[in-house]
Peer 1: 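Here it is: the structure, laid out below.
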Amino acid sequence: MNWLVRRRVPVRLAGFAYPEPAHGAEYKAMYSPNLVFDQPRTFLRFDAAALRLPVRHDERSLKNFLAGAPLNVILKYSDRQSLYAKIRHALRGRGPERWPLFANLAAELHLTESTLRRRLMADGISYQLIKDDLRRDLAIDALSHGSESIVAIAAGLGFAEPGAFHRAFKKWTGVRPGEYRRSPAG
């Protein structure tokens with residue numbers, strides 16, 4: 001899926017229909033930091049929005065891709081040259097309160113606003129979507145690995161009020177932040 005859309009589609013939760021193996025820690029690097037074992041079935045959970053991303057390959061590139069299988073099938077996809085990756089990297093290096101306005105981002109990338117908008121649209125994304133994806137990932141990381149209060153996490157991610165963060169997080173993951181923190185995935 002990552003290869004098809006030329007962008008990484010993060011696995012939010014990986015479940016396995018068997019007990020955790022001795023090398024289970026390696027699964028975090030292979031699939032997701034959020035794992036559950038002894039499930040009724042094996043599954044990978046990702047954001048449904050990924051299903052709407054445009055396919056970026058054709059039959060010829062598929063043949064080349066399959067020629068490298070299975071190695072390229074099990075490696076995490078990373079296209080560091082994509083516009084999505086460049087923007088995400090630029091944003092990740094600063095706090096959300098310092099994320100640039102669209103016009104300033106275009107200038108940083110040495111593009112006009114219209115060119116940047118057109119290139120993002122061609123990839124099926126927007127600047128707002130990139131910011132939302134990054135906020136979601138930062139929120140999941142903070143809830144999974146940090147001890148900050150949910151109010152502090154919301155403020156740190158640039159939400160004006162905790163209620164807005166709760167609504168956004170539920171939209172992203174299907175559960176409220178507190179539920180996520182208490183779940184096996186959190």
Peer 1: So, do Pro96 and Leu91 sit near enough that their side-chain heavy atoms are less than 4.5 Å apart?
Peer 2: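 They are not in contact (no side-chain heavy atoms under 4.5 Å apart), so the answer is no.
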Peer 1: Do NZ/NE/NH1/NH2 and the carboxylate oxygens of Arg94 and Glu108 come within less than 4.0 Å?
Peer 2: yes
Peer 1: Specify whether Phe169 and Phe165 have parallel, tilted or perpendicular ring planes, treating 30° as the upper limit for parallel and 60° as the lower limit for perpendicular.
Peer 2: tilted
Peer 1: Salt bridge between Arg167 and Glu161, side-chain N to carboxylate O under 4.0 Å?
Peer 2: yes
Peer 1: Do Val36 and Phe43 have side-chain heavy atoms sitting under 4.5 Å apart?
Peer 2: yes
Peer 1: Side-chain contact, heavy-atom cut-off 4.5 Å: Leu129 with Leu120?
Peer 2: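 SC-SC contact between Leu129 and Leu120 ruled out.
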Peer 1: Find out whether Phe159 and Ile153 are in side-chain contact, i.e. whether some heavy atom of one side chain is under 4.5 Å from a heavy atom of the other.
Peer 2: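 Heavy-atom side-chain distance check fails, nothing below 4.5 Å.
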Peer 1: Please confirm whether Tyr27 and Phe16 have ring centers closer than 6.0 angstrom.
Peer 2: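 When the ring centroids of Tyr27 and Phe16 are compared, they turn out to be within the sub-6.0 Å range.
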Peer 1: Nearest 0.5 Å, please: how far is OG1 in Thr115 from CG in Leu109?
Peer 2: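 Here the interatomic distance stands at 11.5 Å.
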Peer 1: To the nearest 0.5 Å, how far apart are CD in Glu20 and CG in Asp38?
Peer 2: 9.0 Å
Peer 1: Looking at every heavy atom in both Ala154 and Pro162, which two are closest together, and how far apart are they?
Peer 2: CB-CA, 4.2 Å
Peer 1: Under a 4.5 Å side-chain heavy-atom rule over Ile, Leu, Val, Met, Phe, Trp and Tyr, are Leu62 and Leu4 clustered together?
Peer 2: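 Leu62 clusters together with Leu4.
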Peer 1: Can you give me the closest heavy-atom contact between Phe102 and Glu113, atom names plus distance?
Peer 2: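 Smallest heavy-atom distance, with atoms named: CE2-O, 3.5 Å.
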Peer 1: For a 4.5 angstrom cut-off between non-hydrogen side-chain atoms, does Glu148 reach Leu143?
Peer 2: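 Glu148 does not reach Leu143 side chain to side chain.
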Peer 1: Heavy atoms, side chains only, cut-off 4.5 Å: are Arg12 and Asn34 in contact?
Peer 2: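 When only atoms from C-beta onward are counted, Asn34 and Arg12 do not touch, as no gap falls below 4.5 Å.
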Peer 1: Kindly say whether Arg60 contributes a backbone atom to a donor-acceptor pair with the side chain of Asp58 at under 3.5 angstrom?
Peer 2: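 Yes: the side chain of Asp58 pairs with the backbone of Arg60.
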Peer 1: Answer yes or no: is there a donor N or O on one side and an acceptor on the other, between the side chain of Trp172 and the main chain of Arg136, under 3.5 Å?
Peer 2: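 No; zero donor-acceptor contacts below 3.5 Å.
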Peer 1: Any chance you could measure Arg181, atom CZ, to Ser147, atom OG, to the nearest 0.5 Å?
Peer 2: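 These two atoms lie 7.0 Å from each other.
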Peer 1: Indicate if Val5 and Leu51 have the same hydrophobic cluster label, given that clusters are the connected sets of ILVMFWY residues with side-chain heavy-atom separations under 4.5 angstrom.
Peer 2: yes
Peer 1: Given Ile125, which partner from the list Ile130, Leu83, Ile87, Asp133 fulfils the side chain to side chain contact (heavy atoms under 4.5 Å, CB included) test?
Peer 2: Ile130
Peer 1: CZ of Arg45 to OG1 of Thr173: how many Å apart, nearest 0.5 Å?
Peer 2: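 Rounded to the nearest 0.5 Å, the CZ-OG1 separation comes to 9.5 Å.
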Peer 1: For Tyr127, does the six-membered ring have the charged nitrogen or CZ of Lys131 within the cation-pi criterion, i.e. under 6.0 angstrom from the centroid and within 45° of the normal?
Peer 2: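 Verdict for Tyr127: a cation-pi partner in Lys131.
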Peer 1: Return the OG to CG distance between Ser32 and Leu13, rounded to the nearest 0.5 Å.
Peer 2: 6.5 Å
Peer 1: Assigning hydrophobic clusters by single linkage (Ile, Leu, Val, Met, Phe, Trp, Tyr; side-chain heavy-atom cutoff under 4.5 Å), is Tyr84 placed with Met121?
Peer 2: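 No.
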Peer 1: Any chance you could lay out the side chain to side chain contact (heavy atoms under 4.5 Å, CB included) test for Leu111 and Arg119, step after step, and finish with the verdict?
Peer 2: CA-CA 10 Å; Leu111 298 170; Arg119 288 183 55 193; 3.7 Å; yes
Peer 1: Nearest 0.5 Å, please: how far is CD in Glu179 from NE2 in His166?
Peer 2: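 If we round to the nearest 0.5 Å, His166:NE2 and Glu179:CD are 10.5 Å apart.
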Peer 1: Is there side-chain contact between Phe46 and Val11, with at least one heavy-atom pair below 4.5 Å?
Peer 2: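 Of all side-chain heavy-atom pairs linking Val11 with Phe46, none is under 4.5 Å.
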Peer 1: When you check the gap from the basic side-chain N to the acidic O, do Asp137 and Arg88 get nearer than 4.0 Å?
Peer 2: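 Yes, Asp137 and Arg88 are salt-bridged.
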